Number of protein chains: 2
Amino acid sequence: MAKFTKTDNCKNCVDCNKKIPLFQLLTKAELTELNTSRYEVKFKAGETIFKQGTSATHLLILTSGLAKFYVEGVQEKQLIIRIIKPWEIVGQASLYFDNRHHYSIAALDDCTACFIEIESFKKMIRQNPNFAEDFITQCTRKGVFSYEKMVSLSQKQMHGRIADGILYLSKRIYESNQFSLHLSRQDIADLTGMSKDSAIRILKEFHNEGIIELDGKNLNVLNAEQLERISETG
Amino acid sequence: MAKFTKTDNCKNCVDCNKKIPLFQLLTKAELTELNTSRYEVKFKAGETIFKQGTSATHLLILTSGLAKFYVEGVQEKQLIIRIIKPWEIVGQASLYFDNRHHYSIAALDDCTACFIEIESFKKMIRQNPNFAEDFITQCTRKGVFSYEKMVSLSQKQMHGRIADGILYLSKRIYESNQFSLHLSRQDIADLTGMSKDSAIRILKEFHNEGIIELDGKNLNVLNAEQLERISETG
DNA sequence: GTTATTTGTTGATAAATGTCGATTTGTATT
DNA sequence: AATACAAATCGACATTTATCAACAAATAAC
């Protein structure tokens, strides 16, 4: 179970706030107000942070670690929508809807998570138009990301989807061509909408063709251009 | 080509505004301001209203007719994200992003469309917190809708996806069990992420099994419960 | 009304993808 | 190191889905 350590290793909210672009639009007073309701929880790899269907009372910001953002689909299958990195604000979808989590978040790694009370966040939206605008910007970006993901999932074949998945991890998450993967093969399958066996097969193919080098959890993107090409042709 | 008839049969913006829930949060003065920049355009069935990739300067509200909201995927294929009905505000995704349309809108029917200048809309967001909040609510609802759609597209088999498509049209769009379809068979395929041939096949199956009655464009949902069941089991 | 063109329909076939079982590898525990 | 357990791997096979060709029906153009 997750260990509750209320603002233990997060004594300095101010420094932490500086890392969150959205929060730089707040005044010192507003930040202080937001920080009073914050608390921190540590999660071990594999633990569930938010569970789909439970009630949403707080927004989430990771301060360390990685997590998967997924929805629970048919027959216990997971669909990983995206990977959560530190300093991203998570929980928008529930903010003004029905106060339920419509997705689950699970730690892919040991994580430190900071929780912000929804009502104080809403207050900032109401009283600070810059904050509201920036927040809406993030929502709309996610919308466009969703459309691209839908195209990938529904119109591309397995090679294109795996290429999309690798490029997403490499460009958006790890921001490097070479990284140590936090996702299992099953996670990669859940991210790209296919069976685990198929994901393994395509990854092996890419490896054999020299497009990537994959050894256990170590992934090295050798030919990003070709991945882009595979992504585009579907 | 679309015929431009600047506020011709839309002399009374006030009445029109009453039909748009979001606009009821605005003051009389704000509404007047928004209305000064509005103009109306008529589109014939099949015409493109927004084209993906072009620059976005206005938001769209249909005052009559139906349109499809789709993204252009791989190999000229379309993915229909949703169907647009009158009084829904369309264009959020571009509002605060890069002022480009990331999707296309095409009339499924003869449509009357009203365009609202983005900047005056943004001004309302800044000056009216209720308006901003409600707008965010709509964005988040669309987010949740997207997740459900992704699950449908990536985890359900054709029967489940067609069931989802029919239920969507019946419950959300036409709000009736019996209606005259504005979508072609190809459109239904694009809405459910499959080939036209496959869509026709499943529809025929549902027809033969007495779940629906489909004759040309006339669709009658005979057994909605069974459609729900098919949707859930994938 | 007749012709041309699109849209819809169907069966046969091929391609893509999932499932299953067996085996191996890796990791944690004692 | 030995054991237990989970994750990864792989080939064979079954199922799902797309593609193609041929044709029918509906619609638009003349």
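The analysis underlying the following values was restricted to heavy atoms, covering all of them including side chains, and did not include hydrogens, waters or symmetry mates. From a predicted model like this one, the values you see are computed outputs, not experimental measurements. Naming: A, B, ... by sequence-line order, numbering from 1 per chain.
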query: Going by modelled atom types, is there a donor-acceptor pair between the base of C:dG8 and the side chain of B:R201 at under 3.5 Å?
result: no
field: A:K204 side chain near D:dC10 phosphate (N/O to OP1/OP2, under 4.0 Å)
entry: yes
- request: Remember a base hit wins even if backbone is also touched, and classify B:K196 as base, sugar-phosphate or nothing at under 4.0 Å, heavy atoms.
  value: base
- request: Please report, rounded to the nearest Å, how far the P atom of C:dA16 is from the CD atom of B:Q75.
  value: 12 Å
message: Expressed as a whole number of angstroms, how long is the span from A:Q186:CD to C:dG18:P?
response: 11 Å
- prompt: Is the shortest side-chain N to carboxylate O distance from B:K171 to B:E228 below 4.0 Å?
  reply: yes
message: Just N and O in the side chain of A:K217: are any of them under 4.0 Å from OP1 or OP2 of D:dA8?
response: yes
field: Closest nucleotide among D:dC10, C:dT17, D:dA18 to the A:D197 side chain
entry: D:dC10
message: Measure CG/B:D215 against P/D:dA26 and give the value in whole Å, please.
response: 9 Å
Side-chain ion pair, A:K42 and A:D110, N-O less than 4.0 Å: no
Rounded distance in Å - CD1 (A:I200) to C1' (D:dA6): 13 Å
statement: Closest to the side chain of A:R161, out of D:dG11, C:dT17, D:dT16, is C:dT17
query: Contact class for A:S184 (heavy atom, under 4.0 Å): base, sugar-phosphate, or nothing?
result: sugar-phosphate
- line: Between B:F206 and the options B:L214, B:V221, B:L227, the side chain to side chain contact (heavy atoms under 4.5 Å, CB included) test singles out B:L227
message: Which is more 5' along DNA chain C, the nucleotide nearest B:L214 or the one nearest A:K77? Just name the residue.
response: B:L214
Closest approach of B:G91 to B:Y103 (non-hydrogen atoms, all atoms of both residues): CA-OH, 3.0 Å
task: Mind calculating the distance between NZ (B:K156) and P (D:dT16) to the nearest angstrom?
output: 17 Å
- prompt: What integer distance in Å separates A:H159:NE2 from C:dA15:P?
  reply: 15 Å
- prompt: Rounded to whole angstroms, how far apart are CZ on A:R185 and P on C:dT27?
  reply: 11 Å
field: Electrostatic pair A:E72-A:K51, nearest N-O below 4.0 angstrom
entry: yes
message: From CG of B:N218 over to C1' of D:dA26, roughly how many Å is that when rounded to an integer?
response: 14 Å
- prompt: Can you find a side chain N or O atom of A:S198 that sits less than 4.0 Å from OP1 or OP2 on C:dG18?
  reply: yes
